[in-house]
Each structure stands twice: as C-alpha cells, then as structure tokens.
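Single-structure report; data block below.
Reminder, nothing fancy here: chain letters follow the sequence lines and each chain counts from 1.
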Amino acid sequence: MYFKELVSLFDELCAYSSRLKKAEIIAGFLTGASEDDIEIVCTFLTGRIFPAWDTRDIGVAGKTLVKVIANISGKSSGEVVESYRDTGHLGITAERFLGKKVAMSLAAFEEPLTVADLYRCFEELAAATGKGSAQKKQRMLSSLLSRATPREAYYVVSLATRNLLTGSKEGVTEDAIAQSFSVPADAVRRAWMLANDIGLVARIAKTQGLPGLQALNIEPMRPVRPMLAQNVAGATEALDVIGGRAAFETKYDGARIQVHKSGPKIKLFSRKMEDLTEALPDIRAAVNESVRADSLILDCEAIAVDKGTGKVIPFQNVLNRIRRKYRVRELSDQIPMQLRPFDILYLDGESLVDRPFVERRALLEKTVVPVDKRCTPSEFKILDDSEAVAAFFRQSIDAGNEGLMAKNLDADYSPGIRGRNMVKLKETLESLDLVVIAAEYGHGRKAGWITSYELAARDEDNEQWVPVGRVSSGVSDEQLRALTEQIKPLIIGEHGRMVDLEPQIVLEVKFNEIQKSPNYASGFALRFPRIVRIRDDKGPDDAETLERIDALYRLQFKLREPTPT
DNA sequence: GTGGTGCGTATCC
DNA sequence: ATCCGACTAATTCGG
DNA sequence: CCGAATTAGTCGGATGGATACGCACCAC
C-alpha cells in the first residue's frame, strides 16, 4: 500500500467531526487492505508507531524534527520554531517548508513511499543507538522527508511526534475493525485489552473472525490493559455513583504495577506495559514470599516508604526507583518499596476478569498472605454510610495517601474503561492566587493562542517574583482567547514559543500537592495545577508569597517526613 | 580518553 | 495526572 | 406515545511536574 493512500484516509478523517462517520470510513478502507498493511495502518491510526506492549521507541520528537526540517529546507532552526509558533503543529510547518523542494525530490525518487517503507524507517530509527546515533537519526529523517510529498511529510511528522490529529484513536479504530470484519465491538474490545495490540486484533479479525478473537486469552507474563477510574467529588457522590454500597480502598500514591507470576518466574509491568522487573528486586522478593499460587496476575500499587519509620513517602521517591537500570541495589536499600495488591485477574490457570469484584477480592486475600508490610493487600472496607466513608478518607489522607477508591462489588474487571464501577476520591485543597510572569503559545487547536502560563509568587525578602510552576488547564476556549488578548500588551520579551510578561495577571490556581522542585527557582512546584478562575479583581500585589507556599509545603508533612534523594 | 553537565526524549503520576 | 469540547447514548419532557 | 429536549457518558486533544536514561559536548 502506498503511503499516499493512507494520507488520503487521514485527510478524509479530518474532514468529518463525527466519530461514527470516521469509523465508517476506516472500516471501508480496511476492507480493501492486505493483512500486513492492516496491522500497520491500525497501529498508525491510533497515533502510535509500535503496539503498546512493544517497548521500542524512535527516540525522536519535536526538537530533533525542528533541526531536520531546518536542515532540508535550508532555513534556520529559529525560522522553523517561529513558524511552529504560528502553525502550532510541526507537521504543518514541515509541509510548508518542504513545499518548495517537492519538484526536485520527486524527480530523484520515482517510487513513492509505501506504508511498509515508512514502518521500516521507524523501526530503523528505534534501532539506532550508540555514539553518533542522534546524527544518524537526523540523516534518516532527512532522507525520509525528502522522499515524501509535502502532505506526506505532514503525516510523517505527525506520526513521529505522536501527534496525529485525525480525531480518531483507539475508540474509533475499535469500532471500525468491528464494522469492517463483521465482528461484535465487544469482542474487539476484549481482544484489544488482552493483546494490547490493535493492529494484531485487526489482523485476527480479518483472518480468523470472531473465533480468532475469542481464542485470545489472558495469560501470565503478557500484560493486559489496566482498569481505570473516574474522579468523584466526595463521599456522598462516591456512594451515589456506585449505588449506595461500595467497596472502599485506600488509594496509594505510588505506581501502578501488574504482577505476573508463572511458576518460579515473576515479571512486573507498569500501567503502560513497560517491563519494570529489573528495577524492583525488593518488590519481586516480597511477591515471592507472600504469594500462595503457582501462577497469577495481580493489579497493585507500589509505594515508597521511609527506610526507618516505614511510613509512606512522597511520589517523587517512587520515580527514583521505577525504570531504574543502574544502581538498582543501592536505591532499593535507600528507598524501599512496598506492594499493595488490590485485585487479582488470573489465578492458577483461570481467568478471573469476568468474576464479580467481591469474589476476586476474596481470592486475593486468600492468595496474598503477607509475611510483613512489604506485600499486603490494600486496606479494604465495605461501606454504605457517607460518614464512615469520610472517616476512612481522612484516615487515608492522614497516613500520607492520596484518598480512596470506591468499587462496585458486583463489577467485572473491564480494562481501559473509566466507568461508574470504579471511582477515585482525592483531596481538594485550597487554591492560591499567583501571578503570570511568562507564557507560551499553544499547539494544534489552540495554535495562535497563548495557552500556558508560568506562575510566580512574591518573594518578600527581595521583592522579586519567583516561579512556582506553570498552569494551563481549567479555562474554556473563550477565556483562553480573552487571556491571549489580555496578555499580548504585556509582552516584554520573546524567545522561541515563549514570551516574558509584565507581572499583572492573577490566576487562582488549584492543585493537589506542593512538591520540591529542582526546576523552578522558588524550589517548589504545584502538582496537578489547574486554573480555577481569572482574578481580574486582583493585582500582583495580592499574590501569594513564597513564605506562605513554604509554610503550606511544610504543613503537608505534619504526619510524615519527606525524604527526597 | 575520562568525567561532568546539559539537552532531548519517554514515562511515571 | 487534569480539564475542556464535541459527539453520542440514554433519559426525561412536552404536546 | 412519540419525537424533541436535556442530561450523562465517552473519546480525543491539550496541557501540568519529576525523574531516568542516552547521547553530545566540553574541559582537562
């Protein structure tokens, strides 16, 4: 299949906003495609280059592509970035800058790019490592883009930056596969959750139909898509959503870990199916000691604890451990981690994903028999009273955790779905009024607007503004437009996509936690910042002080000591 | 060459 | 992670 | 009772912070 055929499909998808229409278009397209092409096309359609379980990555993103585009168009990087600021999409910039070169490059390469060619290029990019590889990748991209037509270049860059904006991803592609090969959407979804590979699912749907999809089964050592949860505002709403009575569990502030055991072998996978086994020997050992089963799959949270006190320590410590390749032993001594299994998906040859949650929980408790706190099932209570829920919530927060999870006792394990069978309850903190001292232009749909704001607090010691992070989400498009207009006259400097501003605009910002920051001059940053409202009624003099933020930071640790490394 | 530092990228939340 | 916007599915409203 | 209006649920997209790793580059 020629890449230009896929380009036409992408273009057609962009022309409609209806997801149903997009699915229909994709379905038609897949019908005529070969088995091999379908696999690549479906993966590309979801905006990915490789399947989710495939840990390869191309090691190329915006900065590299800016250089490459500059290189082949004969412009400077500065000019490319300037265009990028206006277009909000590197692909569009590539399309524009390469437009003039097209006649020449097409003459040089008569044979147009195929989908398989492109995939092979991505594979080669992923394979390039070692000294000189960065240069090599740039050369490879240059030759790839020179072979492409401008419109093809747009999509090559879109794929390479994982920013394919066709308004269709997994959800739509899933429907399209079902439609195209006349299999139920549920079967496609199930197969996708198990295989983690939409391309493979499409291939099986085409070649083997429904029986092929049904033959896929959950099995240890092959990660499945984790079930996700939606946020809920309070104890009452949590009970409401689930239906009056629910299972409540401590929500730990760690990393999601899927434990797979098959005989003596144990593997650990992250939420995105990265293999974390080598980085977490302590977790592996704890599982080994606490699990009474020959084979199983556990859904867990892994937390970091203080070596001395055994108390939960901040999430940043988890990041020191996870995905580590070097000094693993040293760090695992310094920052021990513990496992909190909360679900079991497979046990001794049997899939449990279709069983009700209560049953799974019972099996979990029977199977995970803690020898100490290193591997012990999550705290668990069945409650139907909002007072009791609130008390449990308080207890969780006070112990340094994130809050609670609430789960429907009768629900099966439905991966990838943020439904009403599982919700999360987190703490809502007070908000802060902070001053915008710099900002950045937006991307994609928000191109041309100034959409990301650097926030500062007042340092009363020397009357300076000290940055405490950035914020973007929380405002409507309309407010974004207004803010852009408000900001433009305040611009006092420009570099690349960033602008420096006269400190004047005050934003009320909500967040979940104050973190120690190595990146911001204040030494602090907000975790999960979002805008509550634009304080037109306030001026920079009304902004929070650094001292206050410092105090708030310390307040968080009334009950636990931070030990960042 | 070796070691430190900075940049870019990817992935945890 | 958070949040918004658009679309779609489910439910309620009004004649 | 049915179609219109309203509400609820999903998906896609745009954005936040920290950290580890791999590579480039510079100082010695």
Notebook entry, point to check: If you check the A:L20 side chain, which of C:dT8, D:dA18, C:dC4 turns out closest?
Noted result: C:dT8

Item checked: A:K136, NZ atom: more than 12 neighbouring heavy atoms under 6.0 Å -> no

Item checked: From D:dT15, B:dC12, D:dA20, nucleotide with atom closest to A:L319 side chain -> B:dC12

Check: Is the distance from OP1 or OP2 of D:dA20 to the nearest side-chain N or O of A:N320 less than 4.0 Å?
Finding: yes

Check: Picking from D:dA18, D:dT15, D:dG12, which would you name as closest to the side chain of A:S472?
Finding: D:dT15

Next item on the list: Report the distance from atom CG of A:L526 to atom C1' of D:dT15, rounded to the nearest whole Å.
Entry: 15 Å

Check: Taking the six-membered ring of A:W53 as reference, does the NZ or CZ atom of A:R222 fall below 6.0 Å from its centre and within a 45° cone about the axis?
Finding: no

Check: Do NZ/NE/NH1/NH2 and the carboxylate oxygens of A:R497 and A:E440 come within less than 4.0 Å?
Finding: yes

Notebook entry, point to check: Which nucleotide, B:dT11, C:dC7, D:dA20, lies nearest any side-chain atom of A:R19?
Noted result: C:dC7

Check: Are any side-chain N or O atoms of A:S77 and backbone N or O atoms of A:K67, one a donor and one an acceptor, separated by less than 3.5 Å?
Finding: no

Next item on the list: Indicate whether OP1 or OP2 belonging to D:dA18 is found under 4.0 Å from a side-chain N or O atom of A:R470.
Entry: no

Checklist line | Contact under 4.0 Å: A:S270 side-chain N or O vs B:dC12 OP1/OP2 | finding: yes

Next item on the list: Using the P atom on both, measure D:dT15 against B:dC13 and round to a whole Å.
Entry: 22 Å

Notebook entry, point to check: Parallel under 30°, tilted from 30 to 60°, perpendicular over 60°: which one fits the rings of A:F44 and A:Y119?
Noted result: tilted

Next item on the list: To the nearest Å, give me how far apart CD (A:E454) and C1' (D:dG17) are.
Entry: 13 Å

Note to self: At 4.0 Å (heavy atoms only), tell me whether A:G132 reaches a base, stays on the sugar-phosphate, or touches nothing.
What the structure shows: sugar-phosphate

Check: Reckon A:S18 has a side-chain N or O less than 4.0 Å from the OP1 or OP2 of C:dT8?
Finding: yes

Checklist line | Sugar-phosphate, base or nothing in reach of A:Y520, heavy atoms under 4.0 Å | finding: sugar-phosphate

Notebook entry, point to check: Do the ring planes of A:H260 and A:F269 sit parallel (below 30°), tilted (30 to 60°) or perpendicular (above 60°)?
Noted result: perpendicular

Note to self: Is A:N231 close enough to C:dT2 that one of its side-chain N or O atoms is under 4.0 Å from OP1 or OP2 there?
What the structure shows: yes

Next item on the list: Mind calculating the distance between CG (A:L480) and P (D:dT15) to the nearest angstrom?
Entry: 9 Å

Note to self: If the cut-off is 4.0 Å, is A:Y16 near the phosphate of C:dC7, judged by side-chain N/O to OP1 or OP2?
What the structure shows: no

Margin query: Below the 4.0 Å mark, does D:dT15 have OP1 or OP2 next to a side-chain nitrogen or oxygen of A:T451?
Written below: yes

Notebook entry, point to check: If you check the A:S476 side chain, which of D:dT10, C:dC4, B:dC12 turns out closest?
Noted result: C:dC4

Margin query: On the nucleotide D:dG16, are OP1 or OP2 found under 4.0 Å from the side-chain N or O atoms that A:S452 carries?
Written below: yes

Notebook entry, point to check: Which one, D:dT10, B:dC13, C:dT2, comes nearest to the side chain of A:E402?
Noted result: B:dC13

Margin query: From CG of A:L483 over to P of D:dA14, roughly how many Å is that when rounded to an integer?
Written below: 19 Å

Notebook entry, point to check: Does A:H443 place a side-chain N or O at less than 4.0 Å from the phosphate oxygens OP1/OP2 of D:dT15?
Noted result: yes

Check: Between A:R139 and A:N71, does any side-chain donor sit less than 3.5 Å from a side-chain acceptor?
Finding: no

Next item on the list: Verify, without hydrogens or angle tests, whether A:E174 (side chain) and A:V188 (backbone) share a donor-acceptor contact under 3.5 angstrom.
Entry: no

Checklist line | Exam field: side chain A:S472 to backbone A:T451, donor-acceptor pair closer than 3.5 Å | finding: yes

Next item on the list: Could you tell me whether the phosphate oxygens of D:dC25, OP1 or OP2, come under 4.0 Å of any side-chain nitrogen or oxygen in A:K131?
Entry: no

Next item on the list: May I ask you to say what A:T173 touches in the nucleic acid, namely base, sugar-phosphate or nothing, with a heavy-atom cut-off under 4.0 Å?
Entry: nothing

Note to self: Measuring to OP1 and OP2 of D:dA24, would you say a side-chain N or O of A:Q135 lies under 4.0 angstrom away?
What the structure shows: no

Notebook entry, point to check: Is the shortest side-chain N/O distance from A:S133 to OP1 or OP2 of D:dG22 below 4.0 Å?
Noted result: no

Would you list the protein and nucleotides 5-9 of chain B atom pairs, both N or O, that sit under 3.5 Å from each other?
from, atom 1, to, atom 2, distance (Å)
B:dT9, OP1, A:A61, N, 3.0
B:dT9, OP1, A:A61, O, 3.2
B:dT9, OP1, A:T64, N, 3.0
B:dT9, OP1, A:T64, OG1, 2.4
B:dT9, OP2, A:K63, N, 3.1

Notebook entry, point to check: Is any side-chain N or O of A:R530 under 3.5 Å from a base N or O of D:dT15, one able to act as donor and the other as acceptor?
Noted result: no

Note to self: Please pick, from D:dA24, B:dC12, D:dG16, the nucleotide with the shortest atom-to-atom distance to any side-chain atom of A:A134.
What the structure shows: D:dA24

Note to self: So that I can tick it off, tell me whether A:R256 and A:D299 are bridged by a salt bridge, with the cut-off set at under 4.0 angstrom between side-chain N and carboxylate O.
What the structure shows: yes

Note to self: Both A:V475 and A:K251 contact DNA chain C. Which one's nearest nucleotide lies toward the 5' end?
What the structure shows: A:K251

Next item on the list: Look at all strands and tell whether A:K426 reaches a base, only sugar-phosphate, or nothing, counting heavy atoms closer than 4.0 Å.
Entry: sugar-phosphate

Next item on the list: Tell me whether the OP1 or OP2 atom of D:dA14 has a side-chain N or O from A:R445 closer than 4.0 Å.
Entry: no

Item checked: C:dT2 OP1/OP2 closer than 4.0 Å to side-chain N/O of A:K424 -> yes

Next item on the list: Look at the side chain of A:Y326 and decide which nucleotide, out of D:dA18, D:dG12, D:dG22, has an atom nearest to it.
Entry: D:dG22

Margin query: Rounded to whole Å, please give me the gap between NZ in A:K169 and C1' in C:dA6.
Written below: 15 Å

